[in-house]
Amino acid sequence: MRQGACSFGLWKVAVDYDDTVIHRVRFMRTAPEGPVPIQFTRFLAGKRTTFAPLTSAAVSGDGKYAQIYREVSRIPYGETRSYGEIAAAAETHPRVVGNAMARNPTPLIVPCHRVVASDGSPGGFSPDPDIKKNLLQLEKTTSRRLFS
DNA sequence: ATATGCTCTAGAA
DNA sequence: TTCTAGAGCATAT
C-alpha cells in the first residue's frame with residue numbers, strides 16, 4: 001500500500017492507495033509526504049471532473065453502506081442530491097445516509113460533499129464544513145467554465 | 001441492549 | 001414562518 005498527500009487550500013489531502021484502488025482519503029493539517037495519483041491534483045485544481053479509473057474500496061461489498069456509497073458515486077460532477085434522495089435510492093432511512101457519509105473512508109472518490117440537506121443547506125462535513133463548501137464552489141465554477 | 005448520527009416530516013406555536 | 005418532537009435504522013460499543 002502506498003501513501004501520499006497533496007494540498008487543497010489550507011488542508012492536506014492524505015491518500016492511501018494500491019494501484020487504482022483507493023483505500024482511504026483524509027483531510028488533515030499535516031500529512032505524510034509522498035506522491036498521489038495525478039487525478040487528485042488535477043481534480044483539486046479544477047482541471048478534471050472525474051477520478052476514473054480510480055475506484056474506492058468502499059463501494060464494493062453488499063453492506064448497506066456500500067450500497068449508499070454506490071448511489072452517491074452516481075451524482076454527476078457539479079450537482080447535488082439530498083440525504084433523503086440517496087436514502088430512497090438505497091432503500092433506507094436518511095439518518096443512515098448521514099452516518100454513512102460521516103464514516104466515508106474515501107471522500108472525493110465517493111463524493112459525499114455533493115450530498116446536502118433537503119432544504120439546500122450544506123449539512124455537515126468533517127473535519128471542517130468549509131471544505132465541503134469549497135469543494136462545491138470548485139465544482140460549480142469549473143463546470144461553468146467547461147460549458148462556456 | 002443502548003447510544004449515536006453530515007436527517008426529515010408533521011404538527012404546534 | 002420558525003421551532004420541537006419523534007420517527008426510523010445501520011453501526012459501534
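This one's a predicted model, so the numbers in the text were calculated from it and none came from an experiment. Naming: A, B, ... by sequence-line order, numbering from 1 per chain.
- Residues of residues 110-131 of chain A that place a heavy atom closer than 4.0 Å to DNA chain C do not occur.
- Residue A:N99 contributes atom CG, which lies 11 Å from atom P of C:dA10 at whole-angstrom precision.
- Both A:I109 and A:W11 are part of a single hydrophobic cluster, where members link through side-chain heavy atoms under 4.5 Å apart.
- Linking Ile, Leu, Val, Met, Phe, Trp and Tyr residues whenever their side-chain heavy atoms come within less than 4.5 Å leaves A:L108 and A:V115 in two separate clusters.
- Atom pair A:R95:CZ and C:dA12:C1' shows a separation of 15 Å (rounding to whole Å applied).
- Contact detail for A:M101 and A:Y83: the closest heavy-atom pair is CG-CE2, 4.0 Å.
- Between A:Y77 and A:T49 the shortest heavy-atom distance is CD1-O, 3.3 Å.
- Put simply, the side chain of A:R145 gets close to the backbone of A:G46: a donor and an acceptor are under 3.5 Å apart.
- The main-chain N or O of A:A90 is found under 3.5 Å from a side-chain atom of A:K64 such that the two form a donor-acceptor pair.
- Between A:F8 and A:F40, the distance from one ring center to the other does not fall under 6.0 angstrom.
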Pairs under 3.5 angstrom only: tabulate donor-acceptor contacts from the side chains of residues 15-29 of chain A to other protein residues two or more places apart or in another chain.
from  : atom 1 : to    : atom 2 : distance (Å)
A:Y17 : OH     : A:R2  : NE     : 3.4
A:Y17 : OH     : A:P35 : O      : 2.8

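- Within a 6.0 Å radius of CG in A:L10, other residues, nucleotides and ligands contribute 12 heavy atoms or fewer.
- In secondary-structure terms, DNA chain C builds stems of at least 3 consecutive Watson-Crick or G-U pairs, each pair having both distances under 3.5 Å, at B:1-5 with C:9-13, B:7-13 with C:1-7.
- First and last contacts of DNA chain B with chain A, using any nucleotide atom under 4.0 Å from a protein heavy atom and ordered 5' to 3', fall at B:dG5 to B:dC8.
- Side-chain atoms of A:K132 come within 3.5 Å of backbone N or O of A:P122 as a donor-acceptor pair.
- For the contact set between residues 57-86 of chain A and DNA chain C, defined by any heavy atom under 4.0 Å, the members are A:K64, A:Y65.
- Applying the side-chain hydrogen bond (donor to acceptor under 3.5 Å, both in side chains) definition to pairs two or more places apart or across chains, those involving residues 106-126 of chain A are A:S56-A:T106, A:H113-A:E139, A:R114-A:E139, A:D119-A:S121.
- Hydrophobic cluster membership is shared by A:F125 and A:L44, with clusters built from Ile, Leu, Val, Met, Phe, Trp and Tyr side chains linked at under 4.5 angstrom.
- A single hydrophobic cluster is seen to contain both A:L135 and A:V36, as judged by linkage of ILVMFWY side chains at heavy-atom distances under 4.5 Å, directly or through other members.
- If A:V96 and A:R103 are placed on DNA chain C by their nearest nucleotide, the residue sitting closer to the 5' end is A:V96.
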